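Have a look at the structure below before the remarks.
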Amino acid sequence: MGIRLDGASAFQGALISPHYDSLLVKVVAHGPDQPAAAAKMSRARWPSSASGGQGHVMVNGPSTPCREGQGGAGGAHPPPVPMGFCEVAVANGMDIFRVFDALNYLPNLLLGVEAAGRAGAVVEAALSYTATWPTPRAPRHGGAADPRGGARLLVGALREQHPEVPLHVHTHDTAGAGVASMLAAAQAGADVVDVAVDAMSGMTSQPSMGAVVACARGTALDTGIALERVFEYSEYWEAARGLYAAFDCTATMKSGNADVYENEIPGGQYTNLHFQAHAMGLGHKFKEVKKAYAEANKLLGDLIKVGRPWGAAGGGGAEGPSRGSRGARGRRCPPLDFEALGRELGARHGAPPSPEELLSAALYPKVYDEFRAFSSAFGPVSCLGTRLFLEGPQIAEEFEVELERGKTLHIKALALGDLNAAGQREVFFELNGQLRSILVKDTQALKEMHVHPKAEKGAKGQVGAPMPGEVVEVRVKEGAAVAKGDPLCVLSAMKMETVVTAPVAGKVTKLHVRPGLSLEGEDLIAVIE
């Protein structure tokens, strides 16, 4: 109410002469006073990118990479970053922080404990433990928790030595023994064990919540939780998980495997390694990949293995914020000036960053820049439902998007046009009853239109990509002299960065890559003569 549109003769397909009044559509707003009328006019403005994201997904399908939720202050950062992260996380509702280090390096643990404690959070200082117990080689530490060793013996010994300390046990269910392990840990004196709702449990996730609750019923460990409520909870998450099927690890990984008791691959790392093996065309050789992992572990001194030095936020708290198992590197980190970073971000993006945005940029600068570019291109996609965001609408589907209270867009997807010479498709839709269209790049078609050359097998001077990935850094220029082993570029895929090196000494006569370019396996990177 109170909005009038004068559209003249502006319509889809209309021809506009050079002498036409540039005022194509006039918006008239009225209200009881000037502020009210101005507020109505502001709400009536057309958000130019509101449908761009839907058109992109309709043409190109789901393309948003699901990243592991990561312990905010993992990796190597100067102390102000984990301190600031914990403060902002607590302000946003996080109350429990599990602090661990991949190599149990005490200085890193102390920093994390101090950061979470200063923020007023509940602090859980964790011991990292991996391997089976006992084994013929009698390890100094154990791996994947098993009922007899990692659960009963370890927890029992800790309870005996520290009867007053609350014990909380966390494991993955890769081997399938997670429920038995958690029950054994509880019997040995653990106060808390981690589980996952049934629909999200098993394999490299945590053991089943329903199974643990059911097995403990009627015993001294009875949780008091009604199984009916567990089932209702699981039904919700089963439906939610289906929305993310395109990104689920089950796309390549169909079951857990008890061979983790031999190769000692941590749960989170197992999932990533499995995906990476398939991405590199080595899925059928995953058995050999796991064997190589175990051999590398022995060569490196039988390391404690809990994945990377940062964890995944989840459950009742957040894992972090140890700076990782790189104490010397953490001490060498350059200082960070949050005020200067805030001014830089404000100048770059046109508005001062929020505390959350400032911490995001400090922790993950590249990911934050990608997020801002995405938001700038596609607008407030947080207003969309999950299915629409990930899959896009079906042809003839109608849906509503509430940008804010009183400002709702009514959208109907109509049709996709043919591919044009520029590699674009026209997406037709109705917006609040008006016909609209936008041009969207067809990324797959563009790849086919521009075929990247492949490295010739047997040609010593031709350097091919060892795996699919994105070029994040180029370290040489055309005409540069390189020695054998010199870095040429850095590829990134699934959180794994690979430095591609020169196979021979010589001169770089041709460079075929640039930062941001996506490559397939064996795509030509450079020619060295």
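Throughout, numbering of the chain's residues begins at 1 and tracks the sequence. Since this is a predicted model, take the numbers as computed values, not measurements.
- Within 6.0 Å of CD in Glu404 there are more than 12 heavy atoms belonging to other residues, nucleotides or ligands.
- Residue Ala115 comes nearest to Pro82 through the heavy atom pair CB-O, 3.8 Å, listed as atom of the first residue, atom of the second, then distance.
- Using a 4.0 Å cut-off between charged nitrogen and carboxylate oxygen, Arg348 and Asp369 count as a salt-bridge pair.
- For the pair Met467/Gln276, no side-chain contact is recorded, criterion being any heavy-atom separation below 4.5 Å from C-beta on.
- In this structure, the side chain of Glu262 does not engage the main chain of Asp259 through any donor-acceptor pair within 3.5 Å.
- The distance from the CD atom of Glu339 to the CG atom of Leu358 is 10.0 Å, given to the nearest 0.5 Å.
- When atom types are taken as modelled, the side chain of Gln462 and the backbone of Glu456 share a donor-acceptor pair closer than 3.5 angstrom.
- Side-chain contact between Phe389 and Phe378 is absent, with no heavy atoms from C-beta onward closer than 4.5 Å.
- Using a 4.0 Å cut-off between charged side-chain N and carboxylate O, Asp523 and Lys454 make a salt bridge.
- Between Val476 and Asp486 the shortest side-chain heavy-atom distance does not fall below 4.5 Å.
- Asn104 places a side-chain N or O within 3.5 Å of a backbone atom of Ser128 that can act as its donor or acceptor partner.
- Arg425 contributes atom CZ, which lies 15.0 Å from atom NZ of Lys441 (distance to the nearest 0.5 angstrom).
- The OH atom of Tyr105 sits 11.5 Å away from the CG atom of Leu111 when rounded to the nearest 0.5 Å.
- Under the side chain to side chain contact (heavy atoms under 4.5 Å, CB included) criterion, Lys285 pairs with Leu282, Glu288, not counting sequence neighbours.
- Residues Asp194 and Thr171 form no side-chain contact, since every pair of their non-hydrogen atoms from C-beta on lies 4.5 Å or further apart.
- Residue Glu478 qualifies as enclosed at atom CD: its count of foreign heavy atoms under 6.0 Å is above 12.
- Side-chain atoms of Lys290 and Asn257, non-hydrogen and from C-beta on, do get closer than 4.5 Å to each other.
- Considering all non-hydrogen atoms of both residues, Asn263 and Ala294 come closest at CA-CB, 4.0 Å.
- With rounding to the nearest 0.5 Å, the separation of NE2 in His452 from CD in Glu520 is 10.5 Å.
- Using a distance-only test at 3.5 Å, with no hydrogens or angles considered, no donor-acceptor pair links the side chain of Ser360 to the main chain of Tyr368.
- Annotation: Asn92, atom CG; neighbour count of heavy atoms from other residues, nucleotides and ligands within 6.0 Å is above 12.
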Could you go step by step and tell me if Leu341 and Asp337 meet the side chain to side chain contact (heavy atoms under 4.5 Å, CB included) rule?
CA-CA 6 Å; Leu341 178 60; Asp337 186 336; over 6 Å; no
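- Among Thr174, Asn272, Thr271, the one residue that satisfies the side-chain hydrogen bond (donor to acceptor under 3.5 Å, both in side chains) test with Thr204 is Thr271.
- Of all heavy-atom pairs between Phe429 and Ile411, the closest is CD1-CG2, 4.3 Å.
- Side-chain contact between His278 and His274 is present, with heavy atoms from C-beta onward closer than 4.5 Å.
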Kindly determine whether Gln206 and His170 satisfy side chain to side chain contact (heavy atoms under 4.5 Å, CB included), including the steps that lead there.
CA-CA 8 Å; Gln206 280 67 57; His170 173 93; 3.4 Å; yes
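- Separating the CE atom in Met94 from the CZ atom in Phe85 is a distance of 6.5 Å, to the nearest 0.5 Å.
- Going from atom CD of Glu470 over to atom NZ of Lys366 covers 4.5 Å, rounded to the nearest 0.5 Å.
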Kindly indicate, with the supporting measurements, whether the criterion side chain to side chain contact (heavy atoms under 4.5 Å, CB included) is fulfilled by Leu390 and Val57.
CA-CA 7 Å; Leu390 292 176; Val57 177; over 6 Å; no
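- Looking at Glu426 and Ser437, their side chains do bring a donor and an acceptor atom within 3.5 Å of each other.
- Two residues are said to be in side-chain contact when any heavy atoms from C-beta on lie closer than 4.5 Å; Val471 and Ile525 fail this criterion.
- Contact detail for Ala119 and Val90: the closest heavy-atom pair is O-CG1, 3.5 Å.
- Judged as a side chain to side chain contact (heavy atoms under 4.5 Å, CB included), and not counting sequence neighbours, the contacts of Gln394 are Glu397.
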Start with the C-alpha distance between Asn420 and Leu439, add both sets of side-chain angles, then the distance that settles side chain to side chain contact (heavy atoms under 4.5 Å, CB included), and finish with yes or no.
CA-CA 10 Å; Asn420 65 21; Leu439 289 172; 4.3 Å; yes
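- The six-membered or imidazole ring of Tyr270 lies near that of Phe286, with a centre-to-centre distance under 6.0 Å.
- At least one donor-acceptor pair closer than 3.5 Å links the side chain of Ser375 to the backbone N or O of Phe371.
- Around the NZ atom of Lys457, the shell of radius 6.0 Å holds no more than 12 heavy atoms that belong to other residues, nucleotides or ligands.
- The shortest non-hydrogen separation linking Pro353 to Gly346 is CD-N, 4.1 Å.
- A distance-only check finds no donor-acceptor pair linking the side chain of His172 to the backbone of Met203 [under 3.5 Å].
- Between Asp173 and Ser201 there is no side-chain heavy-atom pair separated by less than 4.5 Å.
- Here the closest heavy-atom approach between residue Leu519 and residue Ala465 is recorded as CD1-CB, 4.1 Å.
- Residue His410 forms a side-chain hydrogen bond (donor to acceptor under 3.5 Å, both in side chains) with just one option from Glu430, Glu400, Gln434, Glu398, and that option is Glu400.
- No donor-acceptor pair under 3.5 Å is formed between the side chain of Asp442 and the backbone N or O of Gly423.
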